[in-house]
Amino acid sequence: MKTKSETAVAILSAIALLASCAQMSPLEAQNEDIHKAVKNARTYTDHDNLAKQYRNAAKEMLIKAEDQKKLLRHYEEKSYLYGRQAQDKQSYTSALLHKYERAAEETLKQAAFHQRMASELAHGDYSTSAETPPERNYENNAGIGSDSKDQI
C-alpha cells in the first residue's frame with residue numbers, strides 16, 4: 001500500500017507533466033506569431049499588417065484597462081464588502097490597470113514604427129533600416145551640442 005507521500009509525489013508529477021504539455025494561451029501564441037513576423041518583415045505589406053496587428057492588440061489592452069478601472073472603482077466604493085481583502089484587491093487591480101496601460105502604450109509605439117516603415121517602403125525611402133524598431137537600436141544617441149565625454 002502506498003504512503004501519503006508517495007501518492008502526493010505521483011500527483012505532483014502528473015500535474016507537472018500535464019502543465020508542461022499544455023498549449024500556450026492565445027495571447028502567448030499571438031505574441032509568438034508577431035515576433036516571427038517582425039523578424040521576417042521586409043515589404044510594405046509585412047509592415048502594414050504588423051502595424052494593424054499591433055493597433056488591434058493595443059485596443060484589446062485598452063479594453064482590459066477600462067475593465068480594470070471599473071473594477072477598481074467598485075472595490076473602492078464597496079470596500080466594506082471585501083473586509084480585509086479590500087486593500088489587496090485594490091492594489092492588485094491597480095497594478096493590472098497600470099500594466100495594461102503600459103502595454104498598450106508600448107504596443108502603440110510598435111504600431112507607429114511599423115506604420116512608418118510601411119510608409120517609407122511605399123514611398124521608396126530606404127534610408128532607415130527595416131530590421132529593428134528604434135527602441136531596440138543600441139547606437140550612440142548623444143544629444144545635439146553634447147560633449148564627446150557625455151557619450152555612452
Side-chain angles (χ1 to χ4, degrees), residues 2-41 45-120 128-147 149-152:
K2 291 186 178 180
T3 64
K4 289 182 180 182
S5 61
E6 289 175 337
T7 305
V9 169
I11 290 173
L12 289 175
S13 299
I15 290 173
L17 179 64
L18 289 174
S20 67
C21 296
Q23 292 182 349
M24 291 188 289
S25 72
L27 184 58
E28 289 173 337
Q30 181 183 11
N31 285 342
E32 186 68 28
D33 292 341
I34 288 177
H35 290 303
K36 286 179 184 176
V38 167
K39 287 182 179 183
N40 298 324
T45 306
D46 293 340
H47 285 286
D48 191 47
N49 288 337
L50 281 169
K52 288 176 186 173
Q53 285 181 322
Y54 277 118
R55 280 193 300 271
N56 289 337
K59 285 178 188 175
E60 289 177 21
M61 292 295 162
L62 290 173
I63 290 169
K64 289 180 180 182
E66 189 59 37
D67 291 344
Q68 294 302 314
K69 280 182 190 177
K70 290 176 186 174
L71 191 57
L72 182 59
R73 258 188 311 244
H74 170 76
Y75 288 146
E76 289 172 345
E77 292 170 359
K78 309 278 184 177
S79 62
Y80 58 88
L81 295 174
Y82 301 98
R84 293 181 181 177
Q85 296 177 347
Q87 286 183 333
D88 291 341
K89 290 183 180 293
Q90 289 173 10
S91 297
Y92 180 74
T93 305
S94 179
L96 274 178
L97 169 63
H98 294 300
K99 176 184 173 183
Y100 287 135
E101 287 174 341
R102 282 191 309 270
E105 222 174 89
E106 289 298 317
T107 305
L108 285 173
K109 286 180 186 177
Q110 291 291 326
F113 169 76
H114 286 287
Q115 190 63 50
R116 188 174 68 245
M117 291 306 303
S119 176
E120 289 173 1
T128 60
S129 172
E131 296 297 320
T132 59
E135 61 270 0
R136 293 190 183 152
N137 190 354
Y138 298 110
E139 292 178 7
N140 185 2
N141 291 325
I144 296 174
S146 64
D147 268 348
K149 297 175 190 172
D150 294 340
Q151 295 179 354
I152 298 173

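Below, each value reflects all heavy atoms present in this structure, side chains not excepted, and no hydrogens, waters or symmetry copies.
- Atom CZ of Phe113 is separated from atom NE2 of His47 by 6.5 Å, given to the nearest 0.5 angstrom.
- The minimum heavy-atom distance between Ala57 and Thr107, with the atom names listed, is CB-CG2, 3.9 Å.
- Ile63 CD1 to Tyr100 OH: the interatomic distance, rounded to the nearest 0.5 Å, is 12.0 Å.
- Here the straight-line distance linking atom CG of Leu62 with atom CD of Glu101 works out to 8.0 Å at 0.5 Å rounding.
- Partners of Gln115 by side chain to side chain donor-acceptor pair (under 3.5 Å), not counting sequence neighbours, listed by chain and number: Arg55.
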Let me see the working for Lys109 and Glu106 under salt bridge (Lys or Arg N to Asp or Glu O under 4.0 Å), right down to the final yes or no.
CA-CA 5 Å; Lys109 286 180 186 177; Glu106 289 298 317; 3.6 Å; yes
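- For the atom pair CG (Asn49) and NE2 (His114), the distance works out to 11.5 Å, reported to the nearest 0.5 Å.
- At least one side-chain heavy atom of Glu120 sits under 4.5 Å from a side-chain heavy atom of Arg116.
- Looking at residues two or more places apart in sequence or on another chain, you find a side chain to side chain contact (heavy atoms under 4.5 Å, CB included) between Lys59 and Asn56.
- The minimum heavy-atom distance between Met61 and Ala103, with the atom names listed, is SD-CB, 4.1 Å.
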Please list every donor-acceptor pair under 3.5 Å in which a side-chain atom of residues 70-87 meets a protein atom from a residue at least two apart or in another chain.
unit_1: His74; atom_1: NE2; unit_2: Tyr82; atom_2: OH; d: 2.8

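- Counting only distance, with no hydrogens or angles, the side chain of Thr93 and the backbone of Lys89 share a donor-acceptor pair below 3.5 Å.
- In plain terms, the two heavy atoms of Leu97 and Ala65 that are nearest each other are CD1-O, 3.2 Å.
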